[in-house]
Amino acid sequence: AQSVTQLGSHVSVSEGALVLLRCNYSSSVPPYLFWYVQYPNQGLQLLLKYTSAATLVKGINGFEAEFKKSETSFHLTKPSAHMSDAAEYFCAVSDARDTGNQFYFGTGTSLTVIP
Amino acid sequence: DSGVTQTPKHLITATGQRVTLRCSPRSGDLSVYWYQQSLDQGLQFLIQYYNGEERAKGNILERFSAQQFPDLHSELNLSSLELGDSALYFCASKPGGGRGNEQFFGPGTRLTVL
């Protein structure tokens with residue numbers, strides 16, 4: 001089965017600083033990778049996804065992620081944090097070999113933005 | 001708005017009771033996934049249905065069951081409820097085929113068991 005590891009369950013950054021949220025996956029075949037954001041009391045919303053096209057993927061709200069096969073990583077970045085970025089972020093991997101294309105989610109990273 | 005609807009939004013019940021959570025997927029989406037999110041367990045995959053048939057099972061308790069109806073809406077049934085079942089329950093839908101397609105999440109049902 002696939003697995004996803006998100007390093008750092010809590011990350012704090014100052015407003016205007018770089019945001020870096022880490023995600024590593026395990027997969028023996030090229031996976032499909034996703035980042036979701038969850039604001040308080042809301043469902044998960046897709047930020048961006050990697051589906052074997054460009055390795056640098058741009059998403060909504062100024063976020064981007066780079067797929068690095070050699071490092072089995074898909075870290076999420078944003079050059080300048082905004083107060084509205086405070087939320088929970090989940091990395092997920094989908095393995096097309098799985099019946100039903102099941103998603104495997106990481107444990108999440110809570111991002112705090114300090115004014 | 002993801003296009004996925006869930007009812008009710010909040011549910012408060014007592015231990016030992018049974019509840020049903022409802023999910024309507026996005027128009028045309030054939031797959032429905034159910035997740036449980038709690039503070040101590042994180043986001044846990046429960047079960048998936050595809051076009052009316054069970055496709056994959058995750059960490060779903062025997063006290064829980066689900067089904068997907070011909071109109072593609074899905075229901076998650078939770079019985080003999082325990083305090084530990086208090087959580088947010090999400091459903092997500094996904095189009096059929098297209099391995100790179102994302103799941104679209106509903107707003108969730110918050111279940112409180114007293």
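To find a chain, count down the sequence lines: A is the first, B the second, and so on, and within it residues start at 1.
Under a hydrophobic-cluster definition in which Ile, Leu, Val, Met, Phe, Trp and Tyr are linked whenever side-chain heavy atoms come within less than 4.5 Å, directly or via other members, B:Ile47 and B:Leu111 are assigned to the same cluster. Under the 4.5 Å side-chain contact rule for hydrophobic residues, A:Tyr39 and A:Trp35 share a cluster. The cluster map of Ile, Leu, Val, Met, Phe, Trp and Tyr, joined by side-chain heavy atoms under 4.5 Å apart, puts A:Leu7 and A:Phe63 in different clusters. No path of Ile, Leu, Val, Met, Phe, Trp and Tyr side chains, each step under 4.5 Å between heavy atoms, connects B:Leu88 with B:Leu76, placing them in separate hydrophobic clusters.
More than 12 non-hydrogen atoms from other residues, nucleotides or ligands lie less than 6.0 angstrom from CD of A:Glu15. More than 12 heavy atoms of other residues, nucleotides or ligands lie within 6.0 Å of CZ in B:Arg26, so this atom counts as buried by the packing criterion. Residue B:Leu39 qualifies as open at atom CG: its count of foreign heavy atoms under 6.0 Å is 12 or below.
With contacts defined as side-chain heavy-atom distances shorter than 4.5 Å, the pair B:Gln37/A:Phe105 does not qualify. Looking at A:Phe34 and B:Gln103, their side chains never come closer than 4.5 Å, going by heavy atoms from C-beta outward.
Pairing each heavy atom of A:Gln42 with each of B:Phe90, the nearest pair is O-CZ, 3.6 Å. Nearest approach of A:Phe90 to B:Leu43, heavy atoms of both residues: CE2-CB, 4.4 Å.
Looking at A:Tyr50, neither its backbone nor its side chain comes within 4.5 Å of chain B, counting heavy atoms on both sides. Only the side chain of B:Tyr35 comes within contact range of chain A, with heavy atoms under 4.5 Å apart. Looking at A:Gln38, only its side chain comes within 4.5 Å of chain B, counting heavy atoms on both sides.
Interatomic distance, CG of A:Leu44 versus CD of B:Glu102, reported as 12.5 Å (0.5 Å rounding). Here the CG atom belonging to A:Leu46 is positioned 11.5 Å from the OG atom belonging to B:Ser2, to the nearest 0.5 angstrom.
Using cut-offs of 30° and 60° for the angle between ring planes, the A:Phe103 and B:Tyr33 rings count as tilted.
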